[in-house]
There are 2 protein chains.
Amino acid sequence: MKSKEDKLSISSSELGDYMRISQQSASRYLSELEGKGLIERSREGKGQLVKFTEKGLNLLEEIYLNLQDFIEEKGKPLVIEGKVTSGLGEGAYYVREYADKLQKSIGFFPFYGTLNIKPLKAHPNIDKYTAGTIRSFKKGDRTFGETEYMPVKIIGDEWEEDCYLILPKRTHHIDEFEIISRSNLRKKFGIKDGDLVKVRIG
Amino acid sequence: MKSKEDKLSISSSELGDYMRISQQSASRYLSELEGKGLIERSREGKGQLVKFTEKGLNLLEEIYLNLQDFIEEKGKPLVIEGKVTSGLGEGAYYVREYADKLQKSIGFFPFYGTLNIKPLKAHPNIDKYTAGTIRSFKKGDRTFGETEYMPVKIIGDEWEEDCYLILPKRTHHIDEFEIISRSNLRKKFGIKDGDLVKVRIG
DNA sequence: ATTACTAACTTTCGAGTAT
DNA sequence: TATACTCGAAAGTTAGTAA
């Protein structure tokens, strides 16, 4: 397998030997990876052809980028490209509830809405860029969960704006960024769903 | 943890939350990693300070380099720097036994000895550069195991030489390269133990 | 607060096989 | 030859605690 696009012809016992596990476990591993949609298989007379799916390659790349981020000590900021989406439309409600706490943390009173951005590809984990945390709190009988935030620059075709990215601690790994801003960016810059923007972190 | 040299202050329950496992398992993981010499710990009042050891960082780097090799489709050859060592001194004996088979495979009759080279740092797995295999065989009651080989260039300060690297399939992962050559390289170039050389593969 | 032991409980593994 | 199922054994996980 010289290229990541290649198919690999391997039998379950060869894989077992290579991994120093039994043929049975190797067979089971392959079938689990297939079940998770990470690889595709096709039976051959002797052995089977195995190749990564798009999803599998993305997972590998995510792991790779996380390691890269850790091992190569770059001062370079992280720039992630993504597509503007509508999210769940709850942004406005939550920002309203968190607004006064946000103001204390980030220094401005937020626009009642979020810009949701879905990254186009795998990217390293951004947790470590966290600048601060808003502790969980109650209003009446409703509990609002802990949320981290970090400064980011949102970059469009002909504009850019300093904003904050919020990272609710509970709903980890939806992989959609929620951006808090001073004003309505959709109106200010004429942004609409599907537009490509960059998020510069750090 | 912004740098790989940093210590991380974390409690076993924080780690458990982060990994979505129990506090007990997080504690066990840390203690296993410590047992394997991959991390160092020191108890703090609240939590513990954790940092990677040299060995741990090397393991991470090896994983990283393997992924890099797979994901970034470089045609660049792999160059690994290492130190000449004496190995176990068995080289001469084994080369003698494999000599006629080696001649058929690599096209020249090998010098009865190997140059052993110990890589200075982590490097990607070189299995995929294998050019051919010498099947296991018997001589009298002695069995000689399967061995793979690949062409490499050994590069010293003021010289270089085309050689072959042999990869005995049984004794995987000693992480010392054994080099087969046309003549006695130690004599030819005045190489001695501890000298730095480069191995160019692919 | 911690870390980490013990004792259940749960999951994973692989030898024996079926196909 | 293959792959892959079953099921008893081995390994991993965690609730309950001790320190």
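Chain letters run A, B, ... following the sequence lines, proteins first, then strands; residues in each count from 1.
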- Task: Assess whether side-chain hydrogen bond (donor to acceptor under 3.5 Å, both in side chains) is satisfied between A/Arg41 and A/Gln48, documenting all intermediate values.
- Result: CA-CA 7 Å; A/Arg41 289 189 294 169; A/Gln48 43 194 316; 3.0 Å; yes

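- Heavy atoms of B/Ser25 sit under 4.0 angstrom from at least one base atom.
- Here the rule is side-chain hydrogen bond (donor to acceptor under 3.5 Å, both in side chains) with B/His123, and of B/Asp69, B/Asn66, B/Asp175 only B/Asp175 fits it.
- Residue B/Arg41 places at least one side-chain N or O under 4.0 Å from the OP1 or OP2 atom of C/dA4.
- The distance between atom CD of A/Gln23 and atom P of C/dA18, rounded to the nearest whole Å, is 15 Å.
- Chain B approaches DNA chain D within less than 4.0 angstrom (heavy atoms of the protein), and the contacting nucleotides run 5' to 3' from D/dT13 to D/dG16.
- Both tests hold for B/Lys101 against B/Phe137: distance to the six-membered ring centre under 6.0 Å, angle to the ring axis within 45°.
- Distance CD (B/Glu14) to C1' (C/dT2): 11 Å, rounded to an integer number of Å.
- With rounding to whole Å, A/Arg20 atom CZ is found 13 Å from C/dG14 atom P.
- Inspection of the A/Asp193 and A/Ser86 side chains reveals an N or O donor paired with an N or O acceptor under 3.5 Å.
- Residues B/Gln23 and B/Ser13 have side chains that never bring a donor and an acceptor to within less than 3.5 angstrom of each other.
- Counting only heavy atoms from C-beta outward, the side chains of B/Leu15 and B/Asp17 never approach each other to under 4.5 Å.
- Note that A/Arg142 lies in the cation-pi zone of A/Phe144, set by a 6.0 Å cut-off to the ring centre and a 45° limit from the axis.
- Atom pair A/Ile21:CD1 and C/dT11:C1' shows a separation of 16 Å (rounding to whole Å applied).
- Remark: P of C/dG16 and CD of A/Gln24 are 10 Å apart, rounded to the nearest angstrom.
- Among the heavy atoms of the strands lying under 4.0 Å from B/Ser27 is at least one base atom, whether or not backbone atoms are also near.
- In this entry the distance linking CG of B/Leu30 with C1' of C/dT2 reads 13 Å, nearest Å.
- A donor-acceptor contact closer than 3.5 angstrom links the side chains of A/Tyr64 and B/Glu72.
- Contact annotation: A/Tyr29 side-chain N/O to C/dC13 OP1/OP2 distance is under 4.0 Å.
- In the helix from C/dT2-D/dA19 to C/dT19-D/dA2, the end axes, each obtained as the rotation axis mapping the C1' atoms of four pairs onto the next four within a five-pair block, lie 40° apart to the nearest 10 degrees.
- Annotation for B/Lys187: atom NZ does not count as buried by contact number, only 12 or fewer foreign heavy atoms lying within 6.0 Å.
- Judged by closest nucleotide on DNA chain D, A/Gln48 is the one of B/Arg28 and A/Gln48 placed further toward the 5' end.
- One atom, CD of A/Glu32, and another, P of C/dT12, lie 7 Å apart when rounded to the nearest Å.
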